[in-house]
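Hydrogens, waters and symmetry mates are skipped; everything else that's a heavy atom, side chains included, is used.
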Amino acid sequence: MKEVLVNEIKGIKIGSAEDLKALTGCTVVICEAGATAGVDVRGGSPGTRETDLLNPVNMVDRIHAVTLSGGSAFGLDASSGVMQYLEEKNIGFDVAVTKVPIVCSAVLFDLVAGDYKVRPDKSMGYAACRNAELNQCREGNVGAGTGATVGKINGPEYSMKGGLGCYALQVGDLQVGAVIAVNCLGDVVDPLTGKIIAGALNEDKSTFVDTEEVMISRYSEKRNLFSGNTTIGVVVTNGKFTKAEMNKIASMAHNGYGRTMRPAHSMFDGDTIFAMATGTVEADLSVVGLLAARVVEQAVLRAVKNAESVLGYKAYKDM
C-alpha cells in the first residue's frame, strides 16, 4: 500500500476557487465520464443538493461532479456554475435537447469567519471548474476550507482554523482517496495519540478546553450554543460498484470522522460524505470501505495541519 494523490485517480479532476478576503470558497470534484455515487448524511444540520437522486431506488445512476462549498445554504448556488461548465462541455444526462449535468452538493457554515455578504456563487463554481483543468490537490485555506474553523463550543474567538485536506492510498491497481473540508463544532484529534491537535481554546489561547467535556458539563442547557459548523467531503475510488454499494462505502467512510473529530455528527453539524466510483477495477466493498475511512481520517488531519492562521484564528502550525 502506498500514498498517492487524489488527482492521480484516473478520470477524476479537482478544482477550487476562493475569496481570501471574504474567507469563503468552493471545491469541485469532477468525473466527466460519470461516476456511480452514494451519500451518507450524519449531521443534524445539513445543507445539500441532489442527495435523493443517490437513493438506489431512483433512476439516474451516475453523477458528473460533487461541489463542496462554504456560504451555508447560499453556497448551494455554486453548483449552478458547475452545471454551466459541464453543459458547455457537452457532459451530462442526455435528455435529447441538451445534456443535464448531475451535480451533487453539500455546504458548510463559514459566514461568521469573514464577510458574510460574500458567498460562493455561480461564477465561483464555474471558476473552480476552470481551475480543475489544472487538477491540483491544494490544501489548507483553499476552496471549501477557506473560511472553515474548528472548536466552536465557546464561540468563534476561541476557535481555530480548519481547512481543506486531501489524501489517497493505492493497493495494487485499486485507488481510494478523499477530499474533506473540515469545519467541525468539535475538536480535531490525532487518533494515534488521542491528543487534540486543533479545537476549542482556553482563555489563554494556548491550551485546549476539550469540547466533549464542556458539552457534558452543560448537559441541562437546551438552547443552541453553537453556530457555524459542518464537515463535508468526497471519497473517490476507481473501484467498480453499484449505487447501493456506494451508499454503503459513504457510510463506512464516516468512521474517519469518528476517529478524528470529537464529537462528530452533532445536531449542530451537517456532516456529509459523498462517494464516487469510476468503475475500472474489481474490488471488495468492505476493503474499499475500510480504506475510505482511513483516507478520510488522514484528509481531516491534513486539512488542519495545512491551514494558516488568519483574522485572529490560530492554526495548528501556531500551537
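Here Lys99 contributes atom NZ and Leu86 contributes atom CG; the two are 11.5 Å apart, rounded to the nearest 0.5 Å. Note that CD of Gln170 and NZ of Lys2 are 4.5 Å apart. Values are rounded to the nearest 0.5 Å. Remark: Asp187 CG to Ser159 OG distance equals 11.0 Å, nearest 0.5 Å.
For Asn183 and Lys152, the side-chain atoms include at least one donor-acceptor pair closer than 3.5 Å. A donor and an acceptor atom, one from each side chain of Thr67 and Ser105, are nowhere located under 3.5 Å apart.
Contact of the Phe241 side chain with the Ile249 side chain is registered, since non-hydrogen atoms from C-beta on lie closer than 4.5 Å. Between Asp61 and Thr36, every side-chain heavy-atom pair lies at or beyond the 4.5 Å cut-off. Counting only heavy atoms from C-beta outward, the side chains of Val236 and Val29 approach each other to under 4.5 Å. Proximity of Ser45 to Asn229: side-chain heavy atoms (C-beta onward) are nowhere separated by under 4.5 Å. Looking only at side-chain heavy atoms (C-beta outward), His64 and Ile30 stay at 4.5 Å or farther from each other. For the pair Val189 and Thr260, the minimum side-chain heavy-atom distance is 4.5 Å or more. Using a 4.5 Å heavy-atom threshold, the side chains of Asp271 and Ile232 count as separate. Using a 4.5 Å heavy-atom threshold, the side chains of Val235 and Ile180 count as separate.
Ion pair Arg42/Asp40 flagged as a salt bridge, since at least one NZ, NE, NH1 or NH2 atom sits closer than 4.0 Å to an Asp/Glu carboxylate oxygen.
Counting only residues at least two apart or on different chains, the side-chain hydrogen bond (donor to acceptor under 3.5 Å, both in side chains) pairs with a member in residues 86-95 are Glu32-Lys89, Gln84-Glu88, Glu87-Thr98, Glu88-Tyr126. Pairs engaging residues 300-310 under the side-chain hydrogen bond (donor to acceptor under 3.5 Å, both in side chains) rule: Glu139-Arg302, Glu308-Lys317, Ser309-Asp318 [sequence neighbours left out].
Both Met83 and Val234 are part of a single hydrophobic cluster, where members link through side-chain heavy atoms under 4.5 Å apart. A chain of hydrophobic side-chain contacts below 4.5 Å, direct or via other Ile, Leu, Val, Met, Phe, Trp or Tyr residues, connects Met261 to Phe208. Leu108 is connected to Val39 through a chain of hydrophobic side-chain contacts under 4.5 Å among Ile, Leu, Val, Met, Phe, Trp and Tyr, so both are in one cluster. Cluster membership check: Ile196 shares its hydrophobic cluster with Met160, using side-chain heavy-atom separations under 4.5 Å among Ile, Leu, Val, Met, Phe, Trp and Tyr. Hydrophobic cluster membership is shared by Leu164 and Ile12, with clusters built from Ile, Leu, Val, Met, Phe, Trp and Tyr side chains linked at under 4.5 angstrom.
Through direct or indirect side-chain contacts shorter than 4.5 Å among Ile, Leu, Val, Met, Phe, Trp and Tyr, Leu76 is connected to Val107. Val310 shares a hydrophobic cluster with Leu23, Leu311, Tyr313; the chain of contacts runs through ILVMFWY side chains whose heavy atoms sit under 4.5 Å apart. Alongside Met124, the hydrophobic cluster contains no other residue (criterion: ILVMFWY side chains under 4.5 Å).
Qualifying salt bridge (Lys or Arg N to Asp or Glu O under 4.0 Å) partners for Arg62, counting only residues two or more places apart in sequence or in other chains: none. Checked against side chain to side chain donor-acceptor pair (under 3.5 Å), Thr24 has the following partners two or more places apart in sequence or in another chain: Asp110. Scored by the salt bridge (Lys or Arg N to Asp or Glu O under 4.0 Å) test, Arg49 finds no partners at all (sequence neighbours excluded). Partners of Tyr316 according to the ring-ring contact (aromatic ring centres under 6.0 Å, His included) rule, which considers only residues two or more places apart in sequence or in another chain, do not exist here. Legend: residues meeting ring-ring contact (aromatic ring centres under 6.0 Å, His included) with His254, ordered by chain and number and at least two apart, are Tyr257, His265.
Shown here is Tyr158, whose OH atom has more than 12 heavy atoms of other residues, nucleotides or ligands within 6.0 Å. Other residues, nucleotides and ligands place no more than 12 heavy atoms under 6.0 Å from the NZ atom of Lys248. Within a 6.0 Å radius of CE in Met267, no more than 12 heavy atoms belonging to other residues, nucleotides or ligands are found. Applying the 6.0 Å contact sphere to CZ of Phe74 captures no more than 12 heavy atoms from other residues, nucleotides or ligands.
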**Message:** Apply side chain to side chain donor-acceptor pair (under 3.5 Å) to residues Thr230 and Asp269 and explain how you reach the verdict.
**Reply:** CA-CA 4 Å; Thr230 297; Asp269 290 287; 5.1 Å; no

**Request:** Would you please test Asp19 and Thr146 for side-chain contact (heavy atoms from CB on, under 4.5 Å) and show each step?
**Result:** CA-CA 8 Å; Asp19 185 325; Thr146 302; over 6 Å; no

Please evaluate residues Val103 and Ile63 with respect to the criterion side-chain contact (heavy atoms from CB on, under 4.5 Å), reporting the C-alpha separation (whole Å), side-chain torsions for both, the decisive distance (0.1 Å), and the verdict. CA-CA 6 Å; Val103 180; Ile63 71 171; over 6 Å; no

### Task
Walk me through it: do Ile197 and Leu301 pass the test side-chain contact (heavy atoms from CB on, under 4.5 Å)?
CA-CA 9 Å; Ile197 63 171; Leu301 298 179; 3.8 Å; yes

For Cys137 and Ile14, what are the C-alpha separation, side-chain angles and deciding distance, and is it a side-chain contact (heavy atoms from CB on, under 4.5 Å)? CA-CA 7 Å; Cys137 288; Ile14 302 168; 3.8 Å; yes

Contacts under 3.5 angstrom, residues 274-286 side chains, donor-acceptor by atom type, not counting sequence neighbours:
residue: Thr280; atom: OG1; partner: Asn238; partner atom: O; Å: 3.2
residue: Asp284; atom: OD2; partner: Ser286; partner atom: N; Å: 3.0
residue: Asp284; atom: OD2; partner: Val287; partner atom: N; Å: 3.1

Could you tabulate the donor-acceptor pairs under 3.5 Å formed by side-chain atoms of residues 51-58, not counting sequence neighbours?
residue: Asn55; atom: OD1; partner: Val57; partner atom: N; Å: 3.0
residue: Asn58; atom: ND2; partner: Asp52; partner atom: O; Å: 2.6

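Listed for the Lys13 side chain is no donor-acceptor partner under 3.5 Å among the backbone atoms of Val28. Without hydrogens or angle criteria, Asn247 side chain to Ala250 main chain gives no donor-acceptor distance under 3.5 Å. Side-chain atoms of Asn202 do not come within 3.5 Å of backbone N or O of Lys205 as any donor-acceptor pair.
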